[in-house]
Amino acid sequence: LAEGCRDALVLWGELLVDGHNRYAICQKHALPFDTMQNLTFKSMEDVHLWMIDNHLGRRSVSDFQRGVLALRKKEIVSARLALGQAQTQAEQASAESGGAHPSTQPDAAAPLTREAIARAARVSSATLGQIEKIQKTAAPELVNAVKSGVISINAAAAVASLPSEKQVAAVAGGKKELHQVARQVREARLPPKPELASPPADATPDQREIHRLKLLVDELTAERDQLKKKVQH
């Protein structure tokens with residue numbers, strides 16, 4: 001209100017692409033604003049990709065939101081590449097049936113790899129996979145819990161493996177219940193611990209102590225290996 005609308009609204013024809021909040025504030029308070037046309041857009045897909053890249057660069061967007069946006073970008077690019085390949089094949093078939101040489105097509109852009117998408121979202125490839133799992137299997141209530149920061153992406157991916165009604169019940173139980181359910185799911189995936197052999201009945205106190213220490217070393221080694229996996233993840 002003090003300085004007016006400093007940044008121009010971005011348009012594609014009559015479509016408002018960027019500046020929805022600014023536009024609403026200007027309309028509410030009858031403030032003047034400038035607009036600019038983005039002349040690079042050729043289709044609505046171009047608009048979507050531009051908006052996605054614009055949001056991916058913002059610091060206020062959470063890891064989960066960036067992952068969702070990056071996955072959406074991959075969908076658009078993959079669909080565009082598939083359509084271009086289909087059109088090229090159709091043109092080649094038409095040219096060959098007519099006895100003409102097919103026209104030379106420029107090399108298509110390379111498809112986006114999972115690693116490239118993860119870099120764009122500024123998350124690890126494993127985290128991107130968890131976001132994809134949440135999108136596909138999580139109940140809407142669980143997705144909202146991730147968006148609001150009640151539960152982490154890692155924990156939400158674990159809870160998302162449960163039936164929908166159990167996910168909803170966990171969300172209804174609150175933050176503590178969600179984390180407890182996530183821990184239970186992770187623990188259920190761990191391989192069962194082998195049964196520990198007892199020391200011989202006639203073992204000396206020193207032998208019994210050595211046996212106890214060996215068991216402790218095995219337990220700590222297994223815990224260390226699990227922590228290494230978590231650090232790598």
Side-chain heavy-atom pair Leu9, Asp18 within 4.5 angstrom cut-off: no

Who pairs with Arg122 by salt bridge (Lys or Arg N to Asp or Glu O under 4.0 Å), at least two apart in sequence or on another chain? none

When you compare the side chains of Asn38 and Thr40, does any donor N or O come within less than 3.5 Å of an acceptor on the partner? yes

Would you call Leu162 and Gln184 a side-chain contact if the rule is heavy atoms closer than 4.5 Å? no

Are Val10 and Val61 grouped together when hydrophobic residues (ILVMFWY) are joined by side-chain heavy atoms under 4.5 angstrom apart? no

Value rounded to 0.5 Å, distance of CG in Leu83 from OG in Ser78: 12.5 Å

Whether Arg22 and Asp34 form a salt bridge (side-chain N of Lys/Arg under 4.0 Å from carboxylate O of Asp/Glu) is what I want to check. no

Are Ile76 and Trp50 connected, step by step, through hydrophobic side chains (Ile, Leu, Val, Met, Phe, Trp, Tyr) whose heavy atoms are closer than 4.5 Å? no

Near Asn21 CG, under 6.0 Å, is it more than 12 heavy atoms from other residues, nucleotides or ligands? no

The single option from Ile134, Val171, Thr137, Val181 that satisfies side chain to side chain contact (heavy atoms under 4.5 Å, CB included) with Val159 is Val181

Taking C-beta and beyond as the side chain, do Trp12 and Asp46 meet within less than 4.5 Å on heavy atoms? no

Those residues that, when tested against Lys74, pass side-chain hydrogen bond (donor to acceptor under 3.5 Å, both in side chains) (two or more places apart): none

Test of understanding: clusters of I, L, V, M, F, W, Y form through side-chain heavy atoms closer than 4.5 Å, transitively. Do Leu15 and Met51 belong to the same one? yes

Could I get the full list of salt bridge (Lys or Arg N to Asp or Glu O under 4.0 Å) partners for Asp53, not counting sequence neighbours? Lys73

When you group the ILVMFWY residues by side-chain heavy-atom contacts below 4.5 Å and let the links chain together, are Val17 and Leu49 in the same group? no

Can you name the residues that form a salt bridge (Lys or Arg N to Asp or Glu O under 4.0 Å) with Glu3, not counting sequence neighbours? Arg6

Please name all residues satisfying salt bridge (Lys or Arg N to Asp or Glu O under 4.0 Å) with Glu75, sequence neighbours left out, ordered by chain then number. Arg72

Give, for atom CD of Gln37 and atom CG of Leu11, the distance between the pair rounded to the nearest 0.5 Å. 5.0 Å

With side chains defined as the heavy atoms from C-beta onward, is the minimum distance between Val123 and Phe64 less than 4.5 Å? no

Taking NZ, NE, NH1 and NH2 as the nitrogens, is one of them in Lys214 or Glu219 under 4.0 Å from a carboxylate oxygen of the other? no

CD of Glu209 to CZ of Arg212: how many Å apart, nearest 0.5 Å? 4.0 Å

Say you draw a straight line from CD of Gln226 to NZ of Lys229; how long is it, rounded to the nearest 0.5 Å? 5.0 Å

hydrophobic_cluster_shared for Val185 and Ile131, side chain cutoff 4.5 Å: yes

Taking everything shown except Tyr23 itself, do over 12 heavy atoms lie less than 6.0 Å from its OH? no

Test Ser62 against Gln65 for side chain to side chain donor-acceptor pair (under 3.5 Å), laying out the working first. CA-CA 5 Å; Ser62 68; Gln65 290 171 321; 3.3 Å; yes

Does a salt bridge link Asp63 with Arg66, judged by any charged N lying under 4.0 Å from a carboxylate O? yes

Less than 3.5 Å apart, which donor and acceptor atoms pair up between the side chains of residues 138-150 and the rest of the protein, not counting sequence neighbours?
unit_1	atom_1	unit_2	atom_2	d
Asn144	ND2	Pro140	O	3.3
Ser148	OG	Asn144	O	3.0
Ser148	OG	Ala145	O	3.1

His20 side, atom NE2; Ile25 side, atom CD1 - distance, nearest 0.5 Å: 13.5 Å

Main-chain N/O of Ala160 paired to Gln167 side chain as donor or acceptor, under 3.5 Å: yes

Under a 3.5 Å threshold, yes or no: a donor from one side chain and an acceptor from the other, between His55 and Arg58? yes

Decide yes or no for Leu128 and Ser125: does some side-chain heavy atom of the first lie under 4.5 Å from some side-chain heavy atom of the second? no

To the nearest 0.5 Å, what is the distance between OG1 on Thr221 and CG on Leu216? 9.0 Å

For atom CD of Glu187, is the number of surrounding heavy atoms from other residues, nucleotides or ligands below 6.0 Å larger than 12? yes

